Amino acid sequence: MGKSFYHFLMKFRHPAPKDDISEFANHAYDDHSFPKNSSDYDEISNYLELNAHYLSGMRTFDYAWETYLFQEEKNI
């Protein structure tokens, strides 16, 4: 994979979040412990389950992850 998940997620940052992914991206940006260089689902998922009090549910992450995989596959 080319970009890390974090790098992909940052394109959804927005000063006034319009959806759950924008809100997730804004919080991930402020989370200095987020695994920024990872492209591993299990590593990121485990981190979020244990540390991301800002994420209302894993559904948002799963949707973002599927979008990430689609984008990465398209860029190969």
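Note that the structure is a prediction, hence the values are computed from the model and not measured. In this chain, residues are counted from 1 in sequence order.
- Between the side chains of D19 and S22, a donor-acceptor pair is found at a separation under 3.5 Å.
- Side-chain contact between H53 and H27 is absent, with no heavy-atom pair separated by less than 4.5 Å.
- Judged by distance alone, the side chains of S38 and Y47 never bring a donor and an acceptor atom under 3.5 Å apart.
- D31 places no side-chain N or O within donor-acceptor distance of the main-chain N or O of A52, the cut-off being under 3.5 Å.
- S56 pairs by the side-chain hydrogen bond (donor to acceptor under 3.5 Å, both in side chains) definition with nothing, not counting sequence neighbours.
- Taking the six-membered ring for Trp, Y29 and F24 have ring centres at least 6.0 Å apart.
- Ring-centre distance between F34 and Y6: below the 6.0 Å cut-off.
- For the pair S4 (side chain) and S39 (backbone), a donor-acceptor distance under 3.5 Å is absent.
- Y68 places a side-chain N or O within 3.5 Å of a backbone atom of K3 that can act as its donor or acceptor partner.
- The shortest side-chain heavy-atom distance between I44 and D40 does not fall under the 4.5 Å cut-off.
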Would D20 and Y63 satisfy side chain to side chain contact (heavy atoms under 4.5 Å, CB included), going step by step from the backbone distance to the final call? CA-CA 10 Å; D20 290 340; Y63 177 75; over 6 Å; no

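- In the displayed structure, H14 atom NE2 is contacted under 6.0 Å by more than 12 heavy atoms of other residues, nucleotides or ligands.
- A distance-only check finds a donor-acceptor pair linking the side chain of E72 to the backbone of G2 [under 3.5 Å].
- Between A25 and L9, the closest heavy-atom pair is CB-O, 3.4 Å.
- A heavy-atom distance below 4.5 Å is found between the side chains of Y54 and L48.
- You'll find the side chain of D62 reaches within 4.5 Å of the side chain of Y41, heavy atoms only.
- Here the OG-CG distance, from S33 to L50, works out to 12.5 Å after rounding to the nearest 0.5 Å.
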Does K11 form a side chain to side chain contact (heavy atoms under 4.5 Å, CB included) with Q71? I'd like the steps, not just the answer. CA-CA 12 Å; K11 72 181 181 178; Q71 278 301 119; 4.0 Å; yes

Please report the C-alpha distance between F8 and F70 in whole Å, then the side-chain angles of each, then the deciding distance to 0.1 Å, and finally whether the ring-ring contact (aromatic ring centres under 6.0 Å, His included) criterion is met. CA-CA 11 Å; F8 162 79; F70 179 76; over 10 Å; no

